[in-house]
Amino acid sequence: MGKGKNITKKDDQALVRALADYQNLVKRVERERCEVLARSNKSLVEKLLPILDNFQKAQGYLKDPGIEMALDEFYKVLESAGIEKIQTQKGDTFDAATHEAIEGVVGGQEGSIAEVLTDGYKWKDGTILRPAKVIVYNDRQSS
Amino acid sequence: MGKIIGIDLGTTNSVVAVMEGGTPKVIPASDTGRNITPSVVEPVKNLVGDVAKRQMILNPKNTISSVKRLMGRRYDDPEAKKTHDMVSYEVKNGKNGMAVVKVEEKEYTPQEISSFVLRKLKKDAEDYLGEKVTQAVITVPAYFDDNQRQSTIQAGEIAGLKVERIINEPTAAALAYGLDKKNAHTIAVYDLGGGTFDISILELGEGVFEVKATNGDTHLGGDDFDQKVVDWIAEEFKKEHSVDLKNDKQALQRLRDAAEKAKIDLSSATETEINQPYITQHNGQPLHLSLKLSRAKLEALVESLIRGTIKPLEAALKDAGLSPKDIDEVILVGGMTRMPKVQEEVKNYFGKDAHRGVNPDEVVAIGAAIQGGVLGGEVKDVLLLDVTPLTLSIETLGGVATGMIERNTTVPASKSQTFSTASDNQTQVEIHVSQGERPLAKDNKSLGSFVLDGIAPSPRGVPQIEVTFDLDANGILTVSAKDTKTGKVQSIKITGAVGLSEEEVKKAQAEAETHAAEDQAKKESIEARNQADALVFTAEKALKDAGDKVPGDVKEKVEVEVKNVKEVLTKEDATKEQVEEVSNKLSEVLQTIGQSVYGDKPPAEESKEDKEGGDKKEGESDKKAAEEGEVVK
């Protein structure tokens, strides 16, 4: 306290601005509250996804039908939480909006995806949770 | 007039913030939701930030990063040369010998490239605020010369932003910590970012920051720390499996992520596990990476890097003609300063703890936003809305300080609560106002008291005294007490109450902490006494009301227990347990009154009463509040 010297000498401009700020804040809080409700699992999901990646890698080697079932169950849970896998496969055109290029390789259709390393995920409204990590055919500039 | 946003236009990452309702808020990128945007631009496809970074490896010649290193520099400048050798895009000698970048036959000045980043931050701010943004405060390193500052202003103009002011990054950090409001002093800002290290010595006088000296290393930052960890992991893996992960691009990518994560983990944990199953394969067999890294080991790995920051520190102080003990305040900026070892080294050097609390990645943008708020005339006024440093309370039965306005409440604030009397036929109550965090009023600072009299004689708990605390924006506290039956009001105005120095506030809080346990015990004991006292009152009233309906033996039993409780209550040193023991006994025999009065019909009656009570929840809670908060004396 103590600093509040001249607040009684009202500056209309400042008051109007503070009020506007407040109203905007109320609107945003409401909007954010909805988002928070929808995405309250975000930080947990972000920690779980790398573990899912590892199970997928393991399945790549093991090809075990039991693990396949378990993975399917996992996807269903993600879907129920409003999270979708970004559908990406070999041959798709690389798009930096949803893909992250890890490596460029020669030998295929320029700019198309050569391999999907880890799946990407997005929220139902299209916001990217994590881009898919991919290898891309890139004759021109691959280093 | 719209808002003036604050932008930290960084070498590796950029951040935008704005003042909102008097406090700075960092604005998240609309596409990723992250508070930081990589300063990476692909000008041909117009990709900026994370999106540009994701395609960098495919498009290295067209993807521009670290362009700040070229800002306002001539092509033959040593730093421009160094950058030229480091980056994968083309750096050329442009108009007037200035460094420019060339992408697909088109030349771009560094300010043009930077304008892509600024335009994105501007748009993120507009999306967030829901209004047009046309003005900004942009920060630059303290060592930027006129040319570099001019280029930064141009970058803003190209992006459609009027740059209201360019401020130094260390100055912005000092603003974020509110150091401009303190007395003239000397500040050291230690900024260890993703790719650069800067040390600045500032002197504050008359509200103006003057840069006394700067130094640093333009090629030392968090990325170097990560690389040390990557090297170590790769080496350990090689020892075990004879495979070099650095030759496997996919594995290397995972290694980088894992190294950064381990580094971050070790800022809070003393040991972390690095687990990356199926990191690579050898002779058709999958190989797994599993290592433990301790904080001590990490510190050993990066020791030379941390030591590398001390030399520039010494040089800067020497230039300023100061010694470490002349520095009054130390501020840490940049994500790497989260590392405990870095904090420790800085502390050892200056002999004092650095300021912490503001996110070191965002502190510069926050300072820029504050400056924007000051220029927009917004901060000056709105910041006057202060908070109460300590709880304001009223003393109730047993000397308990019942909080009315809790600490950290933004003022102006007002609160009312209804209290009642503690004894029968009490005709006056004393309202005693205190300030502090201790549960008993006598341990807090007394602010004043007054008496409300003229209460109509009635049984305890019946009169309704409405007490209102009103704290206005200037810190003037008005406490009033009103007898709702007679309408009689008494009040007191307390002015000297809230002008506390920082030390006084700290002292009061520290005291509350030290005495927390004993205070709690005292408070519980008082509460037990209050309950016992209320029970005695109920028992005596029940005996009186029931009259002859109570059999003689029951009456006698109750009277014995009432006497016991009263006896215990007269002893000052009676413990909470002793009080509870006698109250429980009284409570038990008290029930026998009910049984003897209602005979064998009690269940129906009781359930009916319960129901009524439930329906009248509001009234009931009022009564409870009144009973709990009885005013004594």
Look at the side chain of B/Lys45 and the backbone N and O of B/Glu42, then say whether any donor-acceptor pair between them is shorter than 3.5 Å. no

Please look at A/Leu117 and chain B and tell me whether the side chain, the backbone, both or neither of the residue comes under 4.5 angstrom of a heavy atom of that chain. side chain

Sort A/Leu129 into side chain, backbone, both or neither according to what part of it lies under 4.5 angstrom from a heavy atom of chain B.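 Answer is neither: A/Leu129 stays 4.5 Å or more from chain B.
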
Quick check on B/Gln250 against chain A: is it the side chain, the backbone, both or neither that has a heavy atom closer than 4.5 Å?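 B/Gln250 touches chain A through backbone and side-chain heavy atoms alike.
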
Measure B/Asp257 against the heavy atoms of chain A and call it side chain, backbone, both or neither at under 4.5 Å. side chain

Just by distance, no angles: are the side chains of B/Gln55 and B/Thr63 close enough, under 3.5 Å, to form a donor-acceptor pair?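 A donor-acceptor contact under 3.5 Å links the two side chains.
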
Who wins among B/Lys53, B/Met56, B/Lys25, B/Arg254 for the most heavy-atom pairs under 4.5 Å with chain A? B/Arg254

More than 12 non-hydrogen atoms from neighbouring residues, nucleotides or ligands closer than 6.0 Å to NZ on B/Lys493, yes or no?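 It does not: B/Lys493 NZ has 12 such atoms or fewer within range.
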
Is atom CZ of A/Phe55 surrounded by more than 12 heavy atoms (other residues, nucleotides or ligands) closer than 6.0 Å? no

Given the ring of A/Tyr75, does A/Lys85 sit roughly above its face, with NZ or CZ under 6.0 Å from the centre of the six-membered ring and within 45° of the axis? yes

